[in-house]
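For reference, the structure discussed in these notes is given below.
Sequence lines set the chain letters: A, B, ... in the order given, protein chains first and strands last, and positions in each chain run from 1. Model, not experiment: these values are computed from the prediction.
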Protein chains: 4
Amino acid sequence: MAGSSQSLTRSPRPDNRRELLLDAAARLFSDEGFHAASMRDIAKAAGMLSGSIYYHFESKEELLLAIYEEGARRLAEAVENAIARETDPWARLEAACAAHLGGLIAHRDYARVMIQTPPDAGGSVESRIRDLRRRYEARFRALIEALPAPGDIDRRYLRMLLFGALNWSPVWFRPERDSPETVAKQFIAMLRRSLN
Amino acid sequence: MAGSSQSLTRSPRPDNRRELLLDAAARLFSDEGFHAASMRDIAKAAGMLSGSIYYHFESKEELLLAIYEEGARRLAEAVENAIARETDPWARLEAACAAHLGGLIAHRDYARVMIQTPPDAGGSVESRIRDLRRRYEARFRALIEALPAPGDIDRRYLRMLLFGALNWSPVWFRPERDSPETVAKQFIAMLRRSLN
Amino acid sequence: MAGSSQSLTRSPRPDNRRELLLDAAARLFSDEGFHAASMRDIAKAAGMLSGSIYYHFESKEELLLAIYEEGARRLAEAVENAIARETDPWARLEAACAAHLGGLIAHRDYARVMIQTPPDAGGSVESRIRDLRRRYEARFRALIEALPAPGDIDRRYLRMLLFGALNWSPVWFRPERDSPETVAKQFIAMLRRSLN
Amino acid sequence: MAGSSQSLTRSPRPDNRRELLLDAAARLFSDEGFHAASMRDIAKAAGMLSGSIYYHFESKEELLLAIYEEGARRLAEAVENAIARETDPWARLEAACAAHLGGLIAHRDYARVMIQTPPDAGGSVESRIRDLRRRYEARFRALIEALPAPGDIDRRYLRMLLFGALNWSPVWFRPERDSPETVAKQFIAMLRRSLN
DNA sequence: AATGAATGAGTGTTCATTCAT
DNA sequence: AATGAATGAACACTCATTCAT
C-alpha cells in the first residue's frame, strides 16, 4: 500500500533524465566532437556529476550509440512519413531529401553526430553504428534504384553525388536562409534533367 | 670501396624528419581524428619520442596547420595545373574536379585531414585553417561563377551539390574501382544538362 | 565488542583529506619551494594519486593560495588574540611580535610558505596572495603607527627593520633555543629605546 | 704564424660570452626563481641555444653557483672597501650596511639571487653555496662582535635584527626613494641607542 | 664556440571509469 | 537515482642534458 501510493506521488517524470543526458551529449558531441567532449562536461550540461551518467549508460561509446540510434530513428521516421505520401519515384526521392534536410533543423545535434561520426570511430560500438548508417542510407539507395531510365549516367555516381550533398549540408545549411523543400526541389531538379 | 661509397650515400636522416613527422601525423589524424591521435603515437610512427616533435612543431595544433597547408598546397597546385590546360568553362570545372579527386588518391592522408577538420576545430590555428579552406574553395566558386546560362537553377545550390559530392568523396572513393577522370566526367555530365 | 567499538571509531577518512593534502603541500612547498615540489610528490605524501588532488583543488596555484589563506588566518588569529590582551602601544606591538613568532613554530610550514612566496609569484592567484599579505602586514603597520613620539627616527624605517627581522626569522629561529616571548622582548627593547 | 696572427685579429672580446650568460641567468633566476627559469630562456636571453650553455657551465646548478660567487665577490668587495675607510666600530658597521644596500642597487640581480636562494636549494652545489653565504655573513658577525658594551641586550638578537632587515631589503628597497646611506644611518641610529 | 636535433624523465592536468554510500 | 571521492592511465608539453658536427 505504502509502496504503491509512493510510486504514484513520487517522480512525476518517468525517465526524462536519460533524455536530458542524451540531449546534452548530442549537443556536445556535435559541437566539439566525440573525443573533445568530456563526460564531465556532458554531465554538467545535464545537471549532474560525471559518475552519475553511468547509471544510465555503460560507457561513453554507448552514449554515442544511443544518440546515433535516436538520430537515425527520428530521421528515418521523418523520411518514412514523407515518402509514404508520394508515389512517383522522383517525387518520393525529393520528399525524402526534404525530410532529411528538415530533420537537420529539427534534430540538429543528433543529425550532426550521425553525419560527423566517421565510420571507424566508436571502438566497441563501431559495427552497430555502421549498421545504423547502412540501414539509413539503404532507404536512399532504394529510392534511387527505383528511378526510371538511367540513360548513359552511372546510377552509382548519381547516388554519390546526392549522398555527398546531403551529408555535407550541415556545413552550409542555415535555416534562416535555406528551406528544406527549396533545397530538395533544386537538387532533384538538377539531377532529374540528367536522366531524361 | 664499400666505405667510400657509403660515405657518399650516407646521412640516413638528412632533413626529412619534419616531412616524416608530417606524413605520420597526417596518417594518424586522418585515420583516427585530431583528438584521438596522440603525440606519442605520432612520434612513435615517425620513429622518435614525443618530446622530439616539439623541436619541429610548436604544438599539436601547429602540426595540424602544417598538414592542412601542405595538403592545400598540393591540391591547389594540381587543380591549377589542370585548369590551365582548358579554356571552356565546363571543361575547366571538370578538369578541376578530376584534379581534386586525383589529389585525394595521391595525397590521401593530407586531403582527408583537410576535409575532415571541421571549420570550427583547431583552437588557436582555427582562423588560419579557415583561411586556407576558403582560399581553396574559392577556386571552385570562381569556376562555377564562370559557367554560362544559369537558367532557373540557383547557382549556389549547384555549388553546394558539387562541393558536397567532392568533399564527401574520400568516404566512398576507391582507386581500384573509381578513376578521377570518370567520376569527374559523370558528375559534370549530370550537372551540365541541368543548365541547358 | 571489538566489532561495535570499531563501528564507532571507524571512518578512517571522514573529510580530512583536504586538510591532509593542505598539510602535505605546505610541507613540500616550504621545504623545496613551490616550483620544485611536484603534484605527484604532494599526492604521495598525502597518500593518494596526483589526479586525486584535482578533486579538491583546481590547480597547483589554488593549492598555494589555500595554504597562504590558511597560514594567514592562523597567524592573524594568534596576533589578534595577543594584542587584545594589551593596551599600551609598545606592549601591543611586543605581543604581536611574540604571537607572530609563536605562529612560526606552531604552523611552521604554512608560515614559511607565506614568507617565502615572493610577491610576484603565483600567476593567476598572484593578486589574491598579495591581498592576503597586505592585509596581514597592515596589522603591524597600524601597531607601529600607534606608537608615541617618533623623534628623529623615520617610522617607515623602523617598520622595515622590524618587518625584515620578523620575516627573516624562519631562517634562524630554533624552538629549542629561542622562545617567541624572549625574542619579541629583546627586539622591542632595542627599538623602544631609539624612540625616547 | 697563421695561428698567432689569427689569435690577434680574431675575437676582440676574450670571454664575454660567459659574462653575458651569467647576467642573463642572474636576471632570470632573480625574477622568476631558480626552478621557474629554464635553460632555454636563459640561453635565449643570452642570444644562444640552450645546448650552448654547457660549453661554459657544467650544469644549471653550476650556473647558480657561479652567480652566487660573483654576487658574493662584488658585495664583499664593496663592503671591504667601505669599512676600510672607517675605524670606529659603529661607523664601520654603518658603512658595511650602506655598502651592502648599495650593492643591491648596483648588482641587483646577483644580490637577489644570493638572498632569495634558500639554504637548502642547489642540490650538489648546496654546500659550496652555504659556504659563500657563511663567509659573507661572517663579516657582519665580526663587525657586530666588535661593538662595545652589549648592555642587557643579547648581541645575537641584535645581529638577527640587522641581518633580517638587510636580507629583506630587496623586497622594499626602491632606489628612487631610498638611499643606501640614509637607510644605513637610520638603521644604525636605532640600534646604537639601545646599546648605551 | 656553438648548433641542430634529439633524449627520456618529468611537468601539471584531464580522462573515462568505479564504487561505497 | 545520484553523489563524493578516488583511480590510474593518458594527455600535451617542458625539462635539463647530450653529442655529433
Item to check | Pair C:L22-C:F57, side-chain contact (heavy atoms from CB on, under 4.5 Å): steps then yes or no | outcome: CA-CA 10 Å; C:L22 225 49; C:F57 298 94; 3.4 Å; yes

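Computed from coordinates, the A:F34 CZ to E:dC15 P distance equals 13 Å when rounded to whole Å. Distance NZ (B:K60) to P (F:dT14): 14 Å, rounded to an integer number of Å. Spacing between atom CD1 of B:I42 and atom P of F:dA10 amounts to 16 Å, rounded to whole angstrom units. Atom pair D:M39:CE and E:dT3:C1' shows a separation of 15 Å (rounding to whole Å applied). Here the P atom of nucleotide E:dT18 and the CD1 atom of A:I53 are 13 Å apart, to the nearest Å. Atom CZ in C:R40 sits about 14 Å away from atom P in F:dG8, given to the nearest Å. In this entry the distance linking CG of C:L49 with P of F:dT7 reads 5 Å, nearest Å. Rounded to whole Å, the distance from CG on D:L21 to P on E:dA1 is 12 Å.
Taking side-chain N and O atoms only, D:Y55 has a distance below 4.0 Å to OP1 or OP2 of E:dA1. Between C:H56 and F:dG4 there is no side-chain N or O to OP1 or OP2 distance below 4.0 Å. Close to E:dA5, at under 4.0 Å from its OP1 or OP2, lies no side-chain N or O of B:S52. Taking 4.0 angstrom as the limit, C:H35 places none of its side-chain polar atoms (N or O) nearer than this to OP1 or OP2 of F:dC15. Between F:dT14 and D:S38, no contact under 4.0 Å exists linking OP1 or OP2 to a side-chain N or O. For B:R17 and E:dA6, the shortest distance from a side-chain N or O to OP1 or OP2 is below 4.0 Å.
The residue among B:S59 and A:G47 whose nearest nucleotide of DNA chain F lies closer to the 5′ end is A:G47. Along DNA chain F, the nucleotide nearest to B:D41 and the one nearest to C:G51 differ in position, and the one closer to the 5' end is contacted by C:G51.
Within the 4.0 angstrom heavy-atom criterion, only backbone atoms of the sugar-phosphate kind lie near C:A37; the bases stay farther away. Among the heavy atoms of the strands lying under 4.0 Å from A:S50 is at least one base atom, whether or not backbone atoms are also near.
With values rounded to the nearest 0.5 angstrom, A:Q116 atom CD is found 8.5 Å from A:D31 atom CG.
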Checklist entry - Could you write out DNA chain F as a dot-bracket string, with dots for unpaired bases, | for bases paired across to another strand, and Watson-Crick or G-U pairs counted at under 3.5 Å? => result .||||||||||||||||||||

Do any side-chain atoms of residues 62-70 of chain C form donor-acceptor pairs under 3.5 angstrom with protein atoms, and if so which ones, sequence neighbours left out?
unit_1	atom_1	unit_2	atom_2	d
C:E62	OE2	C:R128	NH2	3.0
C:Y68	OH	C:M114	O	3.4
C:E70	OE1	C:R73	NE	3.4
C:E70	OE2	C:R73	NH2	3.0
C:E70	OE2	C:R74	NE	2.8
C:E70	OE2	C:R74	NH2	3.2

